[in-house]
Amino acid sequence: MGSIKGDLLIYNSLRGEKLVFEPLKEGFVGLYVCGPTVYSNVHLGNCRTFISFDLVYRYLIHLGYKVRYVRNITDVGHLTDDADEGEDKIAKKARLEQLEPMEIVHQYTMDFHKVMEQFNAISPNIEPTATGHIIEQIEMIQAILDNGFAYESNGSIYFDVEKYNETHPYGELSGRKIEDLIANTRDLDGQDEKRAPLDFALWKNAQPEHIMKWPSPWGIGFPGWHLECSAMSTKYLGEQFDIHGGGMDLKFPHHECEIAQGTASNGKSPVRYWMHGNMLTLNGKKMSKSTGNSLLPEELFSGENDLLDKSYDPMVVRFFMMQAHYRSTLDFTSEALGAAEKGYNKLMEAMKSLDEIVGGKEADSGQVKPIVDSFYSAMNDDFNAPVLLANLFEAVKLINSVKDGKASVSTEDLALLRKEMQAFVYDVLGLKAPGSEGDNRINPVMDLVLELRQQARTKKDWDTSDKIRDGLAAAGITVKDSKDGTSWN
RNA sequence: GGUCUCGUGGCCGAGUGGCUUAGGCAACGGUCUGCAAAACCGUGUACAGCGGUUCGAAUCCGCUCGAGACCUCCA
């Protein structure tokens with residue numbers, strides 16, 4: 001893109017280093033992110049990854065790229081565990097609740113969309129489902145079979161990892177050696193169909209009682225765990241595309257298998273830049289549905305969880321996440337979230353002030369340009385949102401000084417600052433003012449209340465004015481007096 | 001057990017060879033205010049431990065301790 005803003009560096013997990021981002025096609029980016037398995041409500045840890053890649057998506061757009069962002073919905077597959085060989089999470093859940101599998105899928109997909117909207121995450125351009133792409137998956141399996149990298153066994157198809165490894169390095173993404181993998185593979189039940197323990201299923205033969213199943217050249221069955229992402233990314237982004245994102249925990253085996261499947265089916269390594277978001281931890285451990293160590297977004301927004309002392313706006317949670325780099329683990333505590341809330345409020349107050357302050361007539365003082373440049377250098381360094389925020393707070397300091405009449409900026413500088421700050425705070429970080437809806441009726445009421453308080457203050461009737469202030473504070477409304485009048489939020 | 005990552009001041013969290021004492025929150029002093037709040041100015045506290053490389057290391061190497069991730073569904 002030859003950007004005047006400098007090169008964008010992306011940490012490529014495949015290479016283990018930051019590299020200058022060069023898209024396959026000038027000006028265009030293909031972005032694929034592994035989406036959720038919709039068998040339960042997404043928890044906050046899931047959300048972090050999607051919010052991280054929402055940031056990536058937003059910044060690429062800001063740089064002027066035309067991005068096709070694909071994020072799948074996994075609505076079939078993913079065996080629960082080895083004891084339940086042959087049963088997938090969605091089918092199991094359906095049986096438990098006496099629901100149709102698609103009913104489960106729909107319910108939790110709706111929940112996922114709602115949560116993403118609350119977090120102000122932009123919807124992907126395409127959100128394909130695994131069940132909607134059975135044909136593509138069957139075609140891909142056939143191609144892998146034709147190329148000799150898979151074999152049939154009892155109506156199931158397995159990927160032949162050792163055969164693949166003869167010509168391509170299996171384990172290059174996760175930094176594993178196949179000998180180590182073989183040495184460390186556990187003895188699991190129901191492995192007799194496989195030639196080798198490392199082999200993974202591309203297609204599984206379905207037992208009669210299995211709920212979700214489809215016809216295939218190899219009999220009735222269902223697609224394997226890792227295949228859907230390969231089939232859908234290939235369909236919508238091509239055999240090779242720019243960026244593939246996902247959580248760190250998917251690196252092995254899921255993404256390793258994707259590389260193998262893509263390469264085995266069409267001879268090309270499917271992804272140019274692999275990006276992995278790190279985990280959100282709770283009590284120092286990875287948030288996880290299965291261990292119960294997780295928080296639901298809804299619990300945060302309502303405050304209904306023993307770990308929380310109050311409720312938090314989704315934007316505060318988003319800000320909290322933006323304060324950490326996407327490749328670092330982030331530990332969730334109520335205390336840290338409370339601190340984030342204050343920082344977020346400070347930033348949003350400054351954004352309001354930015355609209356109100358006026359520039360002076362003096363010449364360009366040169367103080368704004370370096371700040372704006374620092375926004376770009378932060379984000380160009382592998383989407384370093386925490387540094388961006390630090391730089392934004394430099395701008396906040398300047399804005400507040402101007403507001404207090406202790407500094408001044410030229411009209412031109414102010415216009416530049418407005419444009420770039422709004423772009424980075426709203427468009428790139430995806431933040432917005434909290435609770436901006438539903439104020440239509442309270443505004444006139446507040447105007448009246450504050451007018452009465454002002455009258456009391458004029459008469460030096462502090463008892464009355466403080467009673468109003470304390471009463472409003474109890475209702476969660478903070479009153480702020482300044483030379484220009486009284487404001488509230 | 002194997003592979004890998006991390007350990008930064010009261011808290012969260014950037015930085016990766018020599019002034020960034022990043023930033024946010026909290027704390028302290030001051031300005032402003034009827035008093036607050038907000039804002040502004042100023043201040044302090046740090047790189048797990050030990051050893052090594054180097055003119056110089058939080059940053060590189062080794063060891064110790066601690067935490068975590070993956071190896072099995074997972075964002």
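Quick note on labels: first sequence line is chain A, next is B, and so on, each numbered from 1. The structure displayed is predicted, hence computed values, not measured ones.
- Residues from residues 346-359 of chain A placing a heavy atom under 4.0 Å of any atom in RNA chain B, listed by number, are A:Lys346.
- Relative to the ring axis of A:Tyr11, A:Arg327 places its NZ or CZ within 45° and under 6.0 Å from the centre.
- The interatomic distance linking A:His254 (NE2) with B:A75 (C1') rounds to 11 Å, in whole Å.
- Look at the P atom in both B:G15 and B:U53: the space between them is 29 Å, to the nearest Å.
- Across the protein-nucleic acid pair, A:Asp249 atom CG and B:U72 atom P stand 14 Å apart, rounded to whole Å.
- Counting any heavy atom pair closer than 4.0 Å across all strands shown, A:Met279 reaches a base atom.
- Distance noted for atom P between B:G23 and B:U45: 15 Å (whole Å).
- By the 4.0 Å N-to-carboxylate-O rule, A:Arg195 lies too far from A:Glu162 to be salt-bridged with it.
- Without hydrogens or angle criteria, A:Gln137 side chain to A:Ala130 main chain gives a donor-acceptor distance under 3.5 Å.
- Remark: A:Arg71 is positioned above the aromatic ring of A:Phe50, its terminal NZ or CZ atom under 6.0 angstrom from the ring centre and at most 45 degrees off the axis.
- Note on A:Lys286: every side-chain N or O is 4.0 Å or more away from OP1 and OP2 of B:C74.
- Only the P atoms considered, B:C47 is 13 Å distant from B:C11, to the nearest whole Å.
- B:G62 and B:U5: their P atoms are spaced 11 Å apart (whole Å).
- An aromatic stacking contact links A:Trp462 with the base of B:G34, defined here by ring centres under 5.5 Å apart and ring planes under 30° from parallel.
- A donor-acceptor pair under 3.5 Å is formed between the side chain of A:Gln367 and the backbone N or O of A:Ser408.
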Test side chain to side chain donor-acceptor pair (under 3.5 Å) applied to A:Glu256 and A:His226, step by step: CA-CA 9 Å; A:Glu256 201 72 69; A:His226 310 301; over 6 Å; no
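- Listed by first residue number, the stems of RNA chain B with at least three Watson-Crick or G-U pairs below 3.5 Å are B:1-7 with B:65-71, B:10-12 with B:23-25, B:27-31 with B:39-43, B:48-52 with B:60-64.
- Nearer the 5' end of RNA chain B, as judged by each residue's closest nucleotide, is the contact made by A:Glu394, out of A:Glu394 and A:Asp463.
- Looking at heavy-atom distances under 4.0 Å, A:Val33 makes no contact with the nucleic acid at all.
- Among the heavy atoms of the strands, none lies under 4.0 Å from A:Glu341.
- In this model, the phosphate group of B:A75 is approached by a side-chain N or O of A:Thr37 to a distance below 4.0 Å at OP1 or OP2.
- The six-membered or imidazole ring of A:His244 lies away from that of A:Tyr273, with a centre-to-centre distance of 6.0 Å or more.
- Between A:Tyr376 and A:Tyr59, the ring planes lie tilted relative to each other; the angle falls in the 30° to 60° range.
- Comparing the P positions of B:G10 and B:A46 gives an interatomic distance of 8 Å, to the nearest angstrom.
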Could you go over nucleotides 2-10 of chain B and give all protein N or O partners under 3.5 Å, atom names and distances?
| unit_1 | atom_1 | unit_2 | atom_2 | d |
| --- | --- | --- | --- | --- |
| B:G2 | O2' | A:Asn184 | ND2 | 3.2 |

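- A:Lys251 comes within 4.0 angstrom of nothing in the nucleic acid, heavy atoms only.
- Out of B:C70, B:C40, B:C25, the shortest distance to the side chain of A:Asp404 is found at B:C40.
- By the 6.0 Å and 45° rule, A:Lys310 stacks over the aromatic ring of A:Tyr312.
- Ring-plane geometry between A:Tyr170 and A:Phe252 is classed as perpendicular, the angle between the planes exceeding 60 degrees on a 0 to 90 degree scale with a lower cut at 30.
- Atom CG of A:Asp355 is surrounded by more than 12 heavy atoms from other residues, nucleotides or ligands within 6.0 Å.
- The residue from A:Leu388, A:Val428, A:Val317, A:Ile51 that alone fulfils the side chain to side chain contact (heavy atoms under 4.5 Å, CB included) condition with A:Met322 is A:Ile51.
- B:A75 atom C1' lies 14 Å from atom CH2 of A:Trp274, rounded to whole Å.
- The base of B:A36 sits within donor-acceptor range of the side chain of A:Asp481, with an N or O pair under 3.5 Å.
- Here the side chain of A:Lys89 is nearest to one of B:A75, B:C74, B:C73, namely B:C73.
- Across all strands shown, A:Asp331 has heavy atoms under 4.0 Å from sugar-phosphate atoms exclusively, and none from any base.
- A:Asp466 contributes a side-chain N or O that forms a donor-acceptor pair with the base of B:G34 under 3.5 Å.
- In this structure, the CZ atom of A:Phe393 is 16 Å from the C1' atom of B:C40, given to the nearest Å.
- For A:Ser401, taking side-chain heavy atoms from C-beta onward, the closest of the listed nucleotides B:A14, B:G34, B:C40 is B:C40.
- Residue A:Pro253 has its side chain nearest to B:C71 when only B:C40, B:C74, B:C71 are considered.
- Heavy atoms of A:Gly277 sit nowhere under 4.0 angstrom from any nucleic acid atom.
- For the C1' atoms, the distance linking B:A58 with B:G7 amounts to 11 Å, nearest Å.
- Out of B:G34, B:C74, B:G23, the shortest distance to the side chain of A:Ser465 is found at B:G34.
- When heavy atoms are screened at a 4.0 angstrom cut-off, A:Gly35 is found touching the sugar-phosphate backbone but no base atom.
- Side chain of A:Arg48 to backbone of A:Met279: a donor-acceptor contact under 3.5 angstrom is found.
- The side chain of A:Leu330 sits closest to B:C12 out of B:C12, B:A37, B:A75.
- The phosphate of B:G68 has OP1 or OP2 within less than 4.0 Å of a side-chain N or O from A:Lys285.
- When all heavy atoms are compared, the tightest approach of A:Gln323 to A:Pro386 is O-CB, 3.2 Å.
- Here A:Asn384 reaches the OP1 or OP2 of B:G15: one of its side-chain N or O atoms lies under 4.0 Å away.
- Atom CG in A:Leu181 sits roughly 14 Å away from atom C1' in B:G1 (whole-Å rounding).
- Rounded to a whole Å, the NZ atom of A:Lys342 is 11 Å from the P atom of B:A37.
- At the heavy-atom level, A:His43 lies under 4.0 Å from base atoms of the strands shown.
- Nucleic acid contact for A:Thr281: none, since no nucleic acid atom lies under 4.0 Å from a heavy atom of the residue.
- Taking atom C1' in both B:C6 and B:U59, the straight-line distance is 15 Å, to the nearest Å.
- Side-chain proximity of A:Asn400 to the nucleotides B:A37, B:C74, B:A39 is greatest for B:A39.
- Spacing between B:C4 and B:C19 at atom P, rounded to whole Å, works out to 33 Å.
- Under the 6.0 Å cut-off for aromatic ring centres, A:His254 and A:Trp225 do not qualify, their centroids lying 6.0 Å or more apart.
- Taking only distance into account, the side chain of A:Arg469 never meets the base of B:A37 through a donor-acceptor pair shorter than 3.5 Å.
- Judged by distance alone, the side chain of A:Asn125 and the main-chain N or O of A:Tyr69 form a donor-acceptor pair under 3.5 Å.
- What separates NE2 of A:His226 from C1' of B:C70 is a distance of 13 Å, to the nearest Å.
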